[in-house]
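Counting begins at 1 with the first residue of the sequence. Heavy atoms only: backbone and side chains are in, while hydrogens, waters and symmetry mates are out.
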Amino acid sequence: MKHTVKNGFHTKPVKINLVGVGGGGSLVLSGLVRLHLAMKSLGHPYGLDVEVWDPDRVSPANIGRQLFAASEIGLNKAEALVNRYNLGFALNWEAHPERYRVTHIFDILIACVDSRKSRKEIFQTLPKKNGPYVLDGGVLATCGQVIIGNGSKELPYPYVELPTLIDTKIKEQNLPSCSLAESLSIQELFVNQWLATAELELIWRLFRKGGLDYRGFYINLDTGRMNPVPIRECSQSSH
C-alpha cells in the first residue's frame, strides 16, 4: 500500500461534500448510498455524512441521462435526490440548492462540475497542502479521467496535477440541454457511469483497503482501456 488513510476514517463519521449532481454526480450519489450501507454492514460505527450542492433544477432533457424521474421535473436536483435517499434508506444527509460554499471541515470533496470556473472556485477554498481528499472527474465524448489528491507530495490536488481543469481561458464545451437525443450526439450515454464507478472505487479502497495503490484512472471507451495513475514517489530524506 503506497498511501494509507488516517485512523479516524474507520472510527468517526466521514464527512463528504458532493458538488454537482448532474450526469456524473447523480450516479456518484447513488453509489455513496451503497458505500454507506456496505461500510455499516462491515462494522463502521457511523458510515458517511454527505452534503450535496447543486443550484440547478431538473429539466426534461435530464431524464434518461441523469438519475431523475419525470415526476421530479422542476425540483432542485440536490433536494430531489437527497430527499429520495433519505426517505428510502433512513439517512439524514443534507441538500443545498445553491452553488458550493465551504460551511465546515470535511474529509472528502467530490467535484462533479462541468466548468473550469467552478473547479477554480473549489480549488481556491482548499488548504495549500495536506488538506482533505479532493476527487475530480473530467469527461469528454468517449473518454475522461479521475484523479484524487489531498495536497500532499504523493497525492497532489487534481488541479495541481492537471492545471487545464481550472484554466478559465480555455473555451468550455458544455453539453446541450434541449434534449436527450442532442446530448447523445455529443457524449456517449454510459461514459459518466464509467467515471462515477472509478471515483467510487477510489473512495471504497480508502475504507476497505485502508489506502490506495494508485490515485486515479484514465478511461477511453474507444480503445477499451482504463489506465491507472500511479502515486508519486516521494523522497524519504528529512529536511
With side-chain contact (heavy atoms from CB on, under 4.5 Å) as the test, pick out the partner of Arg215 among Pro228, Pro158, Pro156.
Pro156
How far does CG of Leu27 sit from CZ of Arg65, to the nearest 0.5 angstrom?
10.0 Å
Show the nearest heavy-atom pair for residues Ala198 and Ile219, with the distance to one decimal.
CB-CD1, 4.0 Å
Look at atom CH2 of Trp194 and say whether more than 12 heavy atoms of other residues, nucleotides or ligands are closer to it than 6.0 Å.
no
Walk me through whether Asn83 and Leu75 qualify under side chain to side chain contact (heavy atoms under 4.5 Å, CB included).
CA-CA 11 Å; Asn83 288 340; Leu75 300 179; over 6 Å; no
Under the criterion side chain to side chain contact (heavy atoms under 4.5 Å, CB included), I'd like the reasoning laid out for Phe9 against Ile108: C-alpha separation, chi angles, the key distance, then a yes or no.
CA-CA 11 Å; Phe9 262 63; Ile108 302 174; 4.0 Å; yes
Is there a side-chain contact between Ile105 and Lys15 in this structure, where contact means two heavy atoms from C-beta onward sitting under 4.5 Å apart?
no
Identify each donor-acceptor pair in which a side-chain atom of residues 128-136 lies under 3.5 Å from a protein atom, sequence neighbours left out, and give them as a table.
| from | atom 1 | to | atom 2 | distance (Å) |
| --- | --- | --- | --- | --- |
| Tyr133 | OH | His3 | NE2 | 2.5 |
| Asp136 | OD1 | Arg119 | NE | 3.1 |
| Asp136 | OD1 | Arg119 | NH2 | 3.4 |
| Asp136 | OD2 | Arg119 | NE | 2.9 |
| Asp136 | OD2 | Tyr159 | OH | 2.7 |

Side chains of Asp167 and Thr164, donor plus acceptor under 3.5 Å
no
Minimum heavy-atom separation for Asp56 and Asn76, please, with both atom names.
O-ND2, 3.2 Å
Return the set of residues passing ring pair (Phe, Tyr, Trp, His ring centres under 6.0 Å) with His10 (not counting sequence neighbours), or none when no residue passes.
none
Any chain of hydrophobic side-chain contacts (each under 4.5 Å) joining Ile16 to Tyr157?
no
Go through the steps for Leu81 and Phe68 under the test side chain to side chain contact (heavy atoms under 4.5 Å, CB included), then give the verdict.
CA-CA 8 Å; Leu81 291 181; Phe68 296 103; 3.4 Å; yes
Should Leu48 and Ile148 be regarded as members of a common hydrophobic cluster, given that ILVMFWY residues are connected when their side-chain heavy atoms come within less than 4.5 Å of each other, either directly or indirectly?
yes
Decide side chain to side chain contact (heavy atoms under 4.5 Å, CB included) for His96 and Glu51; before the verdict, give the C-alpha distance in whole Å, the side-chain angles of both, and the deciding distance to 0.1 Å.
CA-CA 7 Å; His96 300 277; Glu51 292 189 51; 2.5 Å; yes
Here the gap from Leu29 atom CG to Arg34 atom CZ, rounded to the nearest 0.5 Å, amounts to 12.5 Å
Over all heavy atoms of both residues, which pair between Ile122 and Ala111 is shortest? Give the atoms and the distance, please.
CD1-CB, 3.9 Å
Are Leu155 and Val14 joined in one hydrophobic group, where the rule is that I, L, V, M, F, W and Y side chains link up if heavy atoms are under 4.5 Å apart?
yes
For Tyr214, the ring pair (Phe, Tyr, Trp, His ring centres under 6.0 Å) test, sequence neighbours excluded, returns Phe217
Contact check, side chains of Leu165 and Gln145, non-hydrogen atoms, under 4.5 Å:
yes
Out of curiosity, Tyr46 OH to Thr11 OG1, how far, rounded to the nearest 0.5 Å?
8.5 Å
So if you build clusters from Ile, Leu, Val, Met, Phe, Trp, Tyr with side-chain heavy-atom gaps below 4.5 Å, do Met39 and Leu32 land together?
yes
Gly64 to Leu189 - nearest heavy-atom pair and separation:
O-CD1, 3.9 Å
Counting C-beta onward and ignoring hydrogens, is there a side-chain heavy-atom pair between Leu18 and Cys112 closer than 4.5 Å?
yes
Closest heavy-atom pair and its distance - Pro97, Ala95:
CD-O, 3.8 Å
When you compare the side chain of Val58 with that of Gln66, does any pair of heavy atoms fall below 4.5 Å?
no
Kindly write out the residues that satisfy side-chain contact (heavy atoms from CB on, under 4.5 Å) with Ser41, not counting sequence neighbours, or none if the list is empty.
none
With rounding to the nearest 0.5 Å, note down the distance linking CG in Leu67 to CD in Gln193.
7.5 Å
Expected list for residues 85-92: side-chain donor-acceptor pairs under 3.5 angstrom, two or more places apart:
| from | atom 1 | to | atom 2 | distance (Å) |
| --- | --- | --- | --- | --- |
| Asn86 | OD1 | Trp93 | N | 3.0 |
| Asn86 | ND2 | Trp93 | O | 2.9 |

Could you tell me whether the side chain of Lys77 reaches within less than 4.5 Å of the side chain of Asn62, counting heavy atoms only?
yes
Listing request: all salt bridge (Lys or Arg N to Asp or Glu O under 4.0 Å) pairs with a residue in residues 81-107, at least two apart in sequence or in separate chains.
Lys12-Asp107, Glu72-Arg84, Glu98-Arg101, Arg99-Glu121
For the student: nearest non-hydrogen atoms of Thr223 and Asn220, plus distance:
N-OD1, 3.2 Å
